[in-house]
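We use all heavy atoms of the structure for the numbers below, so side chains are in, but hydrogens, waters and symmetry mates are not. Residue numbers begin at 1 in each chain, while the letters A, B, ... track the order of the sequences.
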2 protein chains.
Amino acid sequence: MGGKKDMMSGDDIRNAGLKVTLPRVKILALLEQSEQGHVSAEDVYKLLLDAGEDIGLATIYRVLTQFESAGLVTRHHFEGGQSVFELDRGEHHDHIVCIKCGRVEEFFDQMIEDRQQEIAKEKGFTVEAHALTIYGYCKNAACRAS
Amino acid sequence: MGGKKDMMSGDDIRNAGLKVTLPRVKILALLEQSEQGHVSAEDVYKLLLDAGEDIGLATIYRVLTQFESAGLVTRHHFEGGQSVFELDRGEHHDHIVCIKCGRVEEFFDQMIEDRQQEIAKEKGFTVEAHALTIYGYCKNAACRAS
DNA sequence: CAACAAATGAGATGCTTTTGCATTCTGCCA
DNA sequence: TGGCAGAATGCAAAAGCATCTCATTTGTTG
Ligand SMILES: [Mn+2]
Ligand SMILES: [Mn+2]
Ligand SMILES: [Zn+2]
Ligand SMILES: [Zn+2]
């Protein structure tokens, strides 16, 4: 349960019951190689354009949503309007985001995970998901000057 | 730091550097008495209409945003499109939301708060804010049937 | 390689939130 | 208390993000 995975391929697309099309392959590859790992649909659109792939924004949204349903991709709702996507490598984690430069770092803390379960139990809830995002200034010099 | 506050009034509006207008008074009163405590701008709009106050939706958004800047109100970005607002009574807390009926409960856990600080420190971040929301099914019978 | 279903692109559309502007209201002072 | 300047409001238009429609193109399978 929740194993690792390093490389996504056309097989993953096929296994999701989707046709292996050029847009899907390119989008998956981009997520794979993406510097930051956390990108908006528009980021994907522009990065692909830079790479010479003119794929419609509507298709990007559609594909990302399909990938999400298939469990290949995770969607986050950080502050700032646009949804942010990242490849789902099977290991849950939460995020800490720099509100100055946008840098995103990941973390996983079992203690926090456990406490959430306990809190939910106390309140009679069954946990399906959770979103924890810390916002602050990263160590970057330029981000320090508040 | 972070004291309690039970009743908001025109003074709070004035102290925020805002004129005490009917829309502002009504919106603040509604948040004060609101059943659920967590309402969208449209909720506010409709509830006020029901109460016979026809205040423009644009004004509601403007006022809520101003209240937020003034620290009278907190805005949350739960899943589901609309922003959710609540009166800021000065005591930080996080939320657990039923994805079936929408019920929102609040909790505060010092252990989770502390761990976040530690994690941020490890990563060289200065924490400015955080958002933790647990999603699941509440104890309500109708919400149990997954 | 034909045939058909699935997928794509471009633009329309939907929804939430913000903004521009003419009109109305508040707070303040004479 | 009356009047004024600036602030606030309402309405409609616009903006931002995401989804949908539909004609056309592209995988996939036999
Ligand atoms: Mn991540
Ligand atoms: Mn709350
Ligand atoms: Zn930074
Ligand atoms: Zn419920």
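- A donor and an acceptor atom, one from each side chain of B/S9 and B/R14, are nowhere located under 3.5 Å apart.
- In summary, the side chains of B/R24 and B/Q66 do present a donor paired with an acceptor at a separation below 3.5 Å, with no hydrogens or angles considered.
- Rounded to whole Å, the distance from CD1 on B/I13 to P on D/dT9 is 10 Å.
- Rounded to an integer number of Å, the gap from CZ of A/F78 to P of D/dC17 is 16 Å.
- Look at B/Y61 and you won't find any side-chain N or O under 4.0 angstrom from OP1 or OP2 of C/dT18.
- Close to D/dA18, at under 4.0 Å from its OP1 or OP2, lies no side-chain N or O of A/T65.
- Distance from the side chain of B/V63 is smallest to D/dT9 among C/dT8, D/dT9, C/dT16.
- Within the 4.0 angstrom heavy-atom criterion, only backbone atoms of the sugar-phosphate kind lie near A/S83; the bases stay farther away.
- Between A/H92 and A/H130, the distance separating the two ring centers is shorter than 6.0 angstrom.
- Sorted pairs that involve residues 57-66 of chain B and meet salt bridge (Lys or Arg N to Asp or Glu O under 4.0 Å), not counting sequence neighbours, are lacking altogether.
- Counting to the nearest Å, the C1' atom of D/dG10 and the CG atom of B/L57 are 11 Å from each other.
- Whole-Å rounding puts the B/H77 NE2 to C/dT16 C1' distance at 12 Å.
- By the 4.0 Å N-to-carboxylate-O rule, A/E105 lies close enough to A/R103 to be salt-bridged with it.
- Closest to the B/A58 side chain, of the nucleotides D/dG10, C/dT19, D/dC17, is C/dT19.
- Atom pair A/R62:CZ and D/dT21:P shows a separation of 11 Å (rounding to whole Å applied).
- Distances shown here put a side-chain N or O of A/R14 below 4.0 Å from the OP1 or OP2 atom of D/dT28.
- Contact between the side-chain N/O atoms of B/T59 and the OP1/OP2 oxygens of D/dA8 is not found at any separation under 4.0 Å.
- The distance between atom NZ of A/K26 and atom P of C/dT8, rounded to the nearest whole Å, is 14 Å.
- Between the base of D/dG27 and the side chain of A/R24 there is no donor-acceptor pair shorter than 3.5 Å.
- Note: CG (B/D54) to C1' (D/dG10) measures 9 Å, nearest angstrom.
- Remark on DNA chain D: of its neighbouring residues B/K19 and B/I60, the 5'-side contact belongs to B/K19, judged by nearest-heavy-atom nucleotide.
- When rounded to the nearest whole Å, the span between CD of B/E53 and P of D/dG10 equals 10 Å.
- A/L18 comes within contact range of the sugar-phosphate backbone alone, with a heavy-atom separation under 4.0 Å but no base atom that close.
- Summary of the strand contacts: B/R75 and A/T21 both lie near DNA chain C, and taking for each the nucleotide with the nearest heavy atom, the more 5' one is attributed to A/T21.
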